[in-house]
Enquirer: 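My questions all concern the structure below.
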Amino acid sequence: MRVLAVSIILMSQSFLCTSAFAEQADAADQTATITCDFTDGNEITVQYNNATMSDKDQPRTGRVWLPGGSPMTLFTQVPLVLNHVELPVGAYSMYVIPNKKDWTLIVSKNVTNPKNYDEKQDLVRAPMEMGGVNSPPKRLQASFAHTAPKQCSIRLYYETNGAFVDFNEK
């Protein structure tokens, strides 16, 4: 009986330590993931840093922006079309150029060293539709909207701006 009691105590302490460690790891991880499923079951996924931004990470008008100090990463299981340009299956880095009245989404083939933006690696630049946000987020928020059977709209929200652009399944 004594062995059983000691075993239960040790197991519960081990569980509590593991749970505390997992909570710390989750709190330290600032990566968010969004996904959009097309009607045929294929999907696209974007990972991005949604940490609270320091002054150096703030968007600058007309300059390439890496939210949280790193680009967003696009993963696609199916060929996509963005701004009349086909993107094959694969992984890509995405950047944003914010302006006062419009934003531009950049998809780059540079995934080996994405923190160093290189315009020569751009595959497509797509103008984004703009809208206002009633309750401004203090960090970048992204989401997908499945707007048609073969269409997913990425939506980026930061401060009072909302920017949207459609990815179409080829």
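When reading the values below, keep in mind they use all heavy atoms of this one structure, side chains included, and skip hydrogens, waters and symmetry mates.
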Enquirer: For residues G162 and Y157, report the shortest heavy-atom separation together with the two atoms involved.
Expert: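 Looking at all heavy atoms of both residues, the shortest contact is CA-CD2, 3.8 Å.
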Enquirer: Find the distance between CE (M94) and CG (L123) and round it off to the nearest 0.5 Å.
Expert: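 Reported value, rounded in 0.5 Å steps: 12.0 Å.
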Enquirer: So how far is it from Q30 CD to L140 CG, rounded to the nearest 0.5 Å?
Expert: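 These two atoms lie 12.5 Å from each other.
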Enquirer: Run the side-chain contact (heavy atoms from CB on, under 4.5 Å) check on L87 and T76 step by step: do they pass?
Expert: CA-CA 9 Å; L87 300 171; T76 178; 5.6 Å; no
Enquirer: How would you list all residue pairs meeting salt bridge (Lys or Arg N to Asp or Glu O under 4.0 Å) that involve residues 141-156, not counting sequence neighbours?
Expert: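 Qualifying pairs, neighbours excluded: none.
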Enquirer: Restricting to side chain to side chain contact (heavy atoms under 4.5 Å, CB included), what partner residues turn up for T35, sequence neighbours left out?
Expert: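 With sequence neighbours excluded, T35 shows a side chain to side chain contact (heavy atoms under 4.5 Å, CB included) to T33, D37, E43, T45, given in chain and number order.
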Enquirer: Would a single hydrophobic cluster contain both L80 and V89, if residues Ile, Leu, Val, Met, Phe, Trp and Tyr are joined by side-chain heavy-atom contacts under 4.5 Å?
Expert: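 Shared cluster, no.
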Enquirer: To the nearest 0.5 Å, what is the distance between OG1 (T112) and CD (Q121)?
Expert: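 The distance works out to 7.5 Å.
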Enquirer: Just grab all the disulfide bond (SG atoms under 2.5 Å apart) pairs involving residues 138-170, residues at least two apart or on different chains.
Expert: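 Disulfide bond (SG atoms under 2.5 Å apart) check on residues 138-170 returns C36-C152.
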Enquirer: Contact between N49 and S70 at the side-chain level, heavy atoms closer than 4.5 Å - yes or no?
Expert: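 Counting from C-beta outward, N49 and S70 do come under 4.5 Å.
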Enquirer: Who are the side chain to side chain contact (heavy atoms under 4.5 Å, CB included) partners of R125, not counting sequence neighbours?
Expert: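 Scan of R125 (side chain to side chain contact (heavy atoms under 4.5 Å, CB included), adjacent residues dropped) gives I97, T104, I106, Y117, E119, D122.
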Enquirer: Can you tell me how far OG1 of T31 sits from CG of N50, rounded to the nearest 0.5 angstrom?
Expert: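 Answer rounded to 0.5 Å: 7.5 Å.
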Enquirer: Among all residues two or more places apart in sequence or in another chain, which pass the side-chain hydrogen bond (donor to acceptor under 3.5 Å, both in side chains) test with Q77?
Expert: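 Partners of Q77 by the side-chain hydrogen bond (donor to acceptor under 3.5 Å, both in side chains) criterion come out as none, since no residue qualifies.
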Enquirer: Is it possible for you to say whether Y158 and I34 belong to one hydrophobic cluster, with membership spreading through side-chain heavy-atom contacts below 4.5 Å?
Expert: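 Y158 and I34: one cluster.
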Enquirer: What pairs with K170 under salt bridge (Lys or Arg N to Asp or Glu O under 4.0 Å), at least two apart in sequence or on another chain?
Expert: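 Salt bridge (Lys or Arg N to Asp or Glu O under 4.0 Å) list for K170, sorted by chain: E86.
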Enquirer: Tell me, do N83 and F167 make a side-chain contact under 4.5 Å, heavy atoms counted?
Expert: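 A side-chain contact is absent here, since even the closest heavy-atom pair is not under 4.5 Å.
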Enquirer: If hydrophobic clusters are built by linking Ile, Leu, Val, Met, Phe, Trp and Tyr wherever their side-chain heavy atoms come under 4.5 Å apart, do V78 and F144 end up in the same one?
Expert: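 Hydrophobic grouping puts V78 with F144.
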Enquirer: Indicate yes or no: at least one non-hydrogen side-chain atom of V96 is less than 4.5 angstrom from one of L105.
Expert: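 When only atoms from C-beta onward are counted, L105 and V96 do touch, with a gap below 4.5 Å.
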Enquirer: Looking only at non-hydrogen atoms, find the nearest pair between A126 and V165 and report the distance.
Expert: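 Heavy atoms of A126 and V165 come nearest at CB-CG2, 3.9 Å.
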Enquirer: Can you list the residues that meet the side-chain hydrogen bond (donor to acceptor under 3.5 Å, both in side chains) rule with N168, with sequence neighbours excluded?
Expert: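 If we apply the side-chain hydrogen bond (donor to acceptor under 3.5 Å, both in side chains) test to N168, skipping adjacent residues, the hits are Q151.
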Enquirer: Please assess I154 against F164 for the test side-chain contact (heavy atoms from CB on, under 4.5 Å), listing each intermediate value before the final yes or no.
Expert: CA-CA 6 Å; I154 190 167; F164 321 95; over 6 Å; no
Enquirer: V124, V46: one ILVMFWY side-chain cluster at the under-4.5 Å cut-off?
Expert: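 Yes: a chain of side-chain contacts under 4.5 Å links V124 to V46.
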Enquirer: Could you list all the side chain to side chain donor-acceptor pair (under 3.5 Å) pairs where at least one residue sits in residues 91-101, not counting sequence neighbours?
Expert: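 Qualifying pairs, neighbours excluded: N99-D102.
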Enquirer: In Å, rounded to the nearest 0.5 Å, how long is the span from CE of M128 to CG of L156?
Expert: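 The CE atom of M128 sits 4.0 Å away from the CG atom of L156.
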Enquirer: Suppose we screen for side chain to side chain contact (heavy atoms under 4.5 Å, CB included). Which residues come up paired with T73, at least two apart in sequence or across chains?
Expert: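 Testing T73 for side chain to side chain contact (heavy atoms under 4.5 Å, CB included), a comparison that skips the adjacent residues, returns F75.
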Enquirer: Could I get the full list of side-chain hydrogen bond (donor to acceptor under 3.5 Å, both in side chains) partners for E169, not counting sequence neighbours?
Expert: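 Partners of E169 by the side-chain hydrogen bond (donor to acceptor under 3.5 Å, both in side chains) criterion, ordered by chain and then number, come out as N42.
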Enquirer: N161 versus W103: any side-chain heavy-atom pair under 4.5 Å?
Expert: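 A side-chain contact exists here, since the closest heavy-atom pair is under 4.5 Å.
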Enquirer: For N116, check side chain to side chain contact (heavy atoms under 4.5 Å, CB included) against everything at least two apart and list the hits.
Expert: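 N113.
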